[in-house]
Amino acid sequence: MFELEKVYDPRAVEPEIFARWEQSGAFRSHPGDTPHDRTFTIVMPPPNVTGALHLGHALNNTLQDILVRYHRMCGFNTLWQPGTDHAGIATQAVVERRILQQEGKTRHDLGRDELVRRIWQWKDEYERRITSQLKLLGCSADWERSRFTLDDGLAKAVRHQFFKMFKDGLIFRGKRLVNWDTQLQTAVSDDEVYHETVKGHFWHFRYPVIDPKPGEPQHVIIATTRPETMLGDTAVAVHPDPAGFFDQQESKLRDALLKCSAKERAEIESKLAALADRRATHLDHLITLSRMANDGRKLRLPLVERIIPLITDEWADPTLGSGCVKITPAHDPNDYQVGVRKNLPMINVLTPDGKIAKIMEPDPAAAPVKPGSSENIHNDIYAGLEFSTQARAKVVADMESRGLIETIEDRETEIGHSDRSKTPIEPFLSDQWFVRTGDGEPLQLGDGSYATGLAQAAMDVVSNEDIEFFPARYAKTYLDWLGEKRDWCISRQLWWGHRIHDWYIVWEGPYSDYTSDSQTVRMDLDYLTPEQRSNLAPQVFPGRLGNRILVGFAVAPAHPDIETALIAHDATQDPDVLDTWFSSALWPFSTLGWPEETPHLKQYYPGTVLVTSRDIITNWVARMVMFGLYTMGKVPFDRVYITPKVLDGRGETMSKSKGNGVDPVDVIHIYGADALRYSMADMATETQDIRMPIEYLCPHCGHLTEQSLALKNEEQSRKSRGEKLERKLQPADCLRVRCTHKECATEFATQWADDTLKKELGLAREVSDKFEIGRNFCNKLWNAARFAFRYIENAPCDRLAVSDLLPEDRWILARLSETSRRIHGFMANYQFSAIVKELRDFFWDGLCDWYIELTKPRLSGEAASTSTHSAEASKRHACQVLAFCLDQSLRLWHPIMPFITERLWQQLNGIVPNRGMPGVVEIQTNCDLISAPMPPTDGYPAFDDPTILTTFSQLQEATRAVRDLRLKGNIVPKQMVDVTVILSDTDLKSFRANAHILRTTAGIASLTITSSGKRPVNSASLAIHGLRVYVHDIGDDVMERERTTKSLADIEKQIVGKQGKLNNPGFISGAKADVVAAERERLDQLQQQLASLRIQLGELGG
RNA sequence: GGGCGAUUAGCUCAGUUGGCUAGAGCGCCUCCCUUACAAGGAGGAGGCCACAGGUUCGAGUCCUGUAUCGCCCACCA
């Protein structure tokens, strides 16, 4: 039963171990009355169900699992709350695209219910896949509590939140300019828009002035890259004070010139010159125009024949174009601002599906000015044309034929594209729902306190460090973004998501009867009982339709009777759904059962730490904090740890859409989950992202092909086929790749190929040699344990006095104590890479390479008795210490490599059920490793021994010196040598006491240790810190002279440095006393060495 | 345009309030199939710490500037 395979095989171990944990309930959370500071909660950032996970997720979840397992072993009441996110637009877009590709159908062909059904199917498939990926990774989340952002419990939470915010006046409806995706027909958020440079033109148009006064121009010239938007122009703006503007710009530049470096100087001077030119050519004209504007001059907008004002506004930049700018409030974000400022009509000329709309002309009688009800008389010419293609051509042609085009320039423009549909974005004015985050009426938070607004409240808790960011610099990202206090658009014109639970009624009546006063509205709801009415939150929507107005009601959750009554009275439910981040923002408490007061909510809210990626600090982290404070009255987590990002070989972040995401299951299949986790943790440093060059593992020959090379090859072959490359090639463009191994050179398919191609060519898994270090370590751990198991069966568990142990025993125990202590420190600061390094040093270098190698003779019974230790006692001690160190190592490694350590732990429990160091630590072994305790936070003070650590490192250096000399002297390993060590009087005693260590490790027959003496005849020597090592009978005076000369030069150089330091009065007075003392001692040593080396060199005839 | 970060061995990265004779892993070279592990062991070579100034007794570390690279945010009639 003690036989382990010679090579660790993760595939034979992992499934069995994971099943064991699940069956034993080790992942489950148990709410009780544990105090907050002994509770550890992480809510998993719910992966989107858009697709399978890649290595970025693997990193994030590995780090979470490390923290969770660590805290569980430290005795915390632990919950890791898992789940998935419906990801609104992203998922709907993926499914729609797929249906279009496979069936040629759009969502309108399918209808709302059918599309949503299809997306649920997709969700089920990917949720399963995601969960299985995470489980293969070893994630110890409380899987039975898994939640999905659209499931019933969370839907309830969303409704409660929406109703509460609506009632508190935090949710409102308004017309806003949004990024409109004409393909998916929905608003998309700023971060779902990417920009592409496109070749276009810059058209300069003339708009005629109506009734110009003498001396005034007949036309105003404006320039645009989007001519079709002119149909919606409602003004032309010119700067209110052009002369002042030029003065101001000029003085700014002059100030800059005073402060600037020589290099910037030329640039600023040329700017100044340009400004002067501009002033000369344009200022008079602009002053005229601005005077005309103030005088109320109007323009005739060509084509649609609209009368529009010439206005003044600071947005018009006198240095750009003609100095005049057309204002299209409904189709440009900046113009929109001008429209709001100057109370201009906002005329929408775009249909949701990207065509020119029927244009409604403003009603000059209405105040404030609103789009009116009269149709433009030219609608039959333009309505229905494709917006930026047909309509643009038509507008330009019509302007041309009227002779109103001044010039046309070529120009490159940045066009916003939807990340989801890859089509151009149009700014579009539409009705949307918003969450007010800015300051306003005092807002009562969940704990009863008041804030000026949601954003401010969320900023305060970070400023005063109720929430801490790791690394700290990310607090700035968070604060900067929240500081803008932008309203949050929460409505999406999608079918996949939480339906907005608002019902609205179009009320026909005198506009003036209606204010936002809820009393007025309620009077009209006679068909509801007073009790039902109290469960409605009403809101009068701004704007009106002719002489009708819109009244909205949010219905309190769980009142279907009210909804039925509303429907019966011609109320309509808002067709929109909520932004996916609305439900995500509730995640820290909705998953725990809120709005119910569940035991889980009580025990596990607020969370301890959020582990996430820096690109959602704004979208997600900030919003969770706002909602947490508003709803729960407490921050949702005490700390935020921002993980590094996983980059591919070209330095680009891994993402599903780029197609450079590697499936962690591929890596697990080849290297094992522990190897993956080890490598990930090892690379997770504080400042660097993780570069992960990817290779394809050829299914035919097993050789690796670099992905970046494959991309280059693909690019070449596309070029040679004459294909145009409009963008940088992505890994997803490589469906088939040729193996770069010369003898193979066979094609294989990659993960992006379809099933038939995969079957035909064979599928290559994607890997990275970075994981070899993890696999190698697993094997080392495995074999070290395998070795130990041979000797430590029923090792004793005696009460031992540390001082009775041999030095090497005391040394490894001191190292263990030191390591344990450091691990706790690194964990507290999320220094994962440091944890791995520390543990690897302890285990591989300390325990395997030194301790085990040193103890082999004792373990096998070959060691002779000494004056202090009988051979038998020596063996017993070694077994006990080894068993103990192995036990402790498994615990310390477990959070990082759970599978292999658990497997070895089971074995260890069978072999040495009774182990430990009584008197220092009592060990329980009747549990699985996953729930076994960690070594204590402050290590084992009883084992701490700074002296032995110092002495040992000296011995190690001496050993290395002997080994080096042996190798250089061509001495075969089995041949014993005689060695003399010369060192200072101070170190003599401790060195002698430990001399057996040097003897064992270096293959020494006779060892002389002395503080004075000459070079033994025919010996080779090396000088190291404070001591010199001679290996006898190597006999090469030429080599020896060379080495001595080199050492001498080295030491002389150091002495010069030290003397310089110590002769410097500033150093003596400025530096700390211990630093000075250490330097003095060091100098003494060096000088002693120097003297004896000089003598030696003399003897050698140098 | 604004913000953040990086630049240390051939490669990937550590280097914690300034005290360094600058470290690790991989790769490389030499030796070793020694009964835990060749996915291993022993040893070694390899660095004007991007550049230029400054502060300091002392700078890889702090300050200023320059160069290169990366990320985030905003904007471009």
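Bear in mind the structure is a predicted one, so any value in this text is a computation, not a measurement. Each chain gets a letter, A, B and so on, in the order its sequence line appears, and its residues count up from 1.
- A:R790 has a side-chain polar atom (N or O) that falls below the 4.0 Å cut-off from OP1 or OP2 of B:A36.
- Between atom CG of residue A:N776 and atom CH2 of residue A:W844 there is a gap of 6.0 Å, rounded to the nearest 0.5 Å.
- At whole-Å resolution of the value, CD in A:E5 and P in B:A36 are 17 Å apart.
- Distance CH2 (A:W850) to C1' (B:G41): 12 Å, rounded to an integer number of Å.
- Among the nucleotides B:C13, B:A24, B:G41, the one closest to the side chain of A:T685 is B:C13.
- When distances run from any side-chain atom of A:Q1054 to the nucleotides B:U21, B:G43, B:A42, the shortest one goes to B:U21.
- Across all strands shown, nothing is found opposite B:A22 as a Watson-Crick or G-U wobble partner with both distances under 3.5 Å.
- Comparing B:G5 with B:C62, their P atoms are spaced 11 Å from each other, to the whole Å.
- Counting any heavy atom pair closer than 4.0 Å across all strands shown, A:D689 reaches sugar-phosphate atoms only and no base atom.
- Comparing B:G43, B:U12, B:A36 against the side chain of A:R786 picks out B:A36 as the nearest.
- For A:R614, the listed nucleotide lying nearest its side chain is B:C71; candidates were B:C57, B:G25, B:C71.
- In this structure, A:E1081 places its CD atom where only 12 or fewer heavy-atom neighbours from other residues, nucleotides or ligands lie under 6.0 Å away.
- Pairing partner, B:A9: none, since no Watson-Crick or wobble contact has both distances short of 3.5 Å.
- In terms of phosphate contacts, A:N776 brings a side-chain nitrogen or oxygen within less than 4.0 Å of OP1 or OP2 of B:G40.
- Using a 4.0 Å heavy-atom criterion, one finds that A:C324 contacts the bases of the nucleic acid, with or without backbone contacts as well.
- Between A:R473 atom CZ and B:G3 atom C1' there is a gap of 13 Å when expressed in whole angstrom units.
- Taking atom C1' on both nucleotides, B:A59 is separated from B:G53 by 13 Å, rounded to a whole Å.
- One C1' atom belongs to B:U21, the other to B:G25, and the distance between them is 22 Å to the nearest Å.
- Taking a pair to require two hydrogen-bonding distances under 3.5 Å in either a Watson-Crick or a G-U wobble arrangement, B:U17 remains unpaired.
- Rounded to the nearest Å, the gap between the P atom of B:G60 and that of B:G18 is 13 Å.
- Atom-to-atom, NZ of A:K1061 to P of B:G58 comes out at 11 Å; the value is rounded to the nearest Å.
- Across all strands shown, B:A36 has no partner, as no Watson-Crick or G-U wobble contact with both distances under 3.5 Å is found.
- Taking only distance into account, the side chain of A:K6 never meets the base of B:A39 through a donor-acceptor pair shorter than 3.5 Å.
- Heavy atoms of A:D335 sit nowhere under 4.0 angstrom from any nucleic acid atom.
- Checking B:G43, B:C57, B:A24 against every side-chain atom of A:R840, the shortest atom distance belongs to B:A24.
- Nearest nucleotide to the A:L967 side chain, out of B:C71, B:C37, B:U30: B:U30.
- Across all strands shown, A:N779 has heavy atoms under 4.0 Å from base atoms, whether or not it also approaches the sugar-phosphate.
- Of the candidates B:G44, B:A36, B:G19, B:G19 carries the atom nearest the A:A1071 side chain, counting heavy atoms from C-beta on.
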**Request:** Test A:F787 against A:Y791 for ring-ring contact (aromatic ring centres under 6.0 Å, His included), laying out the working first.
**Result:** CA-CA 7 Å; A:F787 170 80; A:Y791 294 102; 5.1 Å; yes
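- Candidate nucleotides B:G44, B:C13, B:C37 were compared by shortest atom distance to the side chain of A:E853, and B:C37 ranks first.
- Between A:E862 and A:E1079, the residue whose closest nucleotide on RNA chain B is further toward the 5' end is A:E1079.
- Ring planes of A:H204 and A:F202: perpendicular class, angle over 60° (limits at 30 and 60°).
- Comparing the C1' positions of B:A67 and B:G40 gives an interatomic distance of 45 Å, to the nearest angstrom.
- In this structure, B:C71 and B:G3 make a Watson-Crick or G-U wobble pair, each of the two defining distances being under 3.5 angstrom.
- Taking atom NZ of A:K476 as the reference point, atom P of B:G3 lies 8 Å away to the nearest angstrom.
- Of the C1' atoms belonging to B:A6 and B:C51, the separation is 15 Å, rounded to the nearest Å.
- Taking the six-membered ring for Trp and thresholds of 30 and 60 degrees, A:W782 and A:Y8 have ring planes inclined between 30 and 60 degrees apart.
- Annotation: B:G70 and B:U61 have their P atoms spaced 24 Å apart (nearest Å).
- If you measure from atom CZ of A:R1082 to atom P of B:G58, you get 22 Å, rounded to the nearest angstrom.
- Each of A:Q831 and A:Q1085 lies near RNA chain B, and the nucleotide nearest A:Q831 is the one positioned closer to the 5' end.
- For the pair A:M692/A:M680, a side-chain contact is recorded, criterion being any heavy-atom separation below 4.5 Å from C-beta on.
- Across all strands shown, B:C63 is found opposite B:G53 as a Watson-Crick or G-U wobble partner, with both distances under 3.5 Å.
- The backbone N or O of A:L676 lies less than 3.5 Å from no partner atom in the side chain of A:S679, so there is not a single donor-acceptor pair.
- Among the heavy atoms of the strands, none lies under 4.0 Å from A:S860.
- Ring geometry for A:F771 versus A:Y671: interplanar angle of 30 to 60°, hence tilted.
- Residue contacts for A:K1058: at a heavy-atom cut-off of 4.0 Å it reaches the sugar-phosphate backbone alone, with no base atom in range.
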**Request:** Given side chain to side chain donor-acceptor pair (under 3.5 Å), test A:K326 with A:T229 step by step and report yes or no.
**Result:** CA-CA 9 Å; A:K326 69 196 257 313; A:T229 63; 2.7 Å; yes
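- Comparing B:C57, B:G25, B:G40 against the side chain of A:W844 picks out B:G40 as the nearest.
- Using a 4.0 Å heavy-atom distance criterion, A:V1076 is classed as making no nucleic acid contact.
- Among the atoms of the strands shown, base atoms are found under 4.0 Å from some heavy atom of A:N783.
- Close to B:A39, at under 4.0 Å from its OP1 or OP2, lies no side-chain N or O of A:R775.
- A salt bridge is absent between A:R960 and A:D964; no separation between the charged side-chain nitrogens and carboxylate oxygens falls under 4.0 Å.
- When the P atom is compared between B:C4 and B:A42, the two are found 46 Å apart, to the nearest whole Å.
- Remark: B:G58 base-pairs with no nucleotide; criterion is Watson-Crick or G-U wobble with both hydrogen-bond distances under 3.5 Å.
- Atom-to-atom, CG of A:N970 to C1' of B:U30 comes out at 10 Å; the value is rounded to the nearest Å.
- Side-chain atoms of A:K780 and base atoms of B:C37 include a donor and an acceptor less than 3.5 Å apart.
- Within 4.0 Å (heavy atoms only), A:R486 reaches sugar-phosphate atoms of the nucleic acid but no base atom.
- What separates CD of A:E838 from C1' of B:C13 is a distance of 17 Å, to the nearest Å.
- Base pairing of B:A42 is made with B:U30, judged by Watson-Crick or G-U wobble geometry with both donor-acceptor distances under 3.5 Å.
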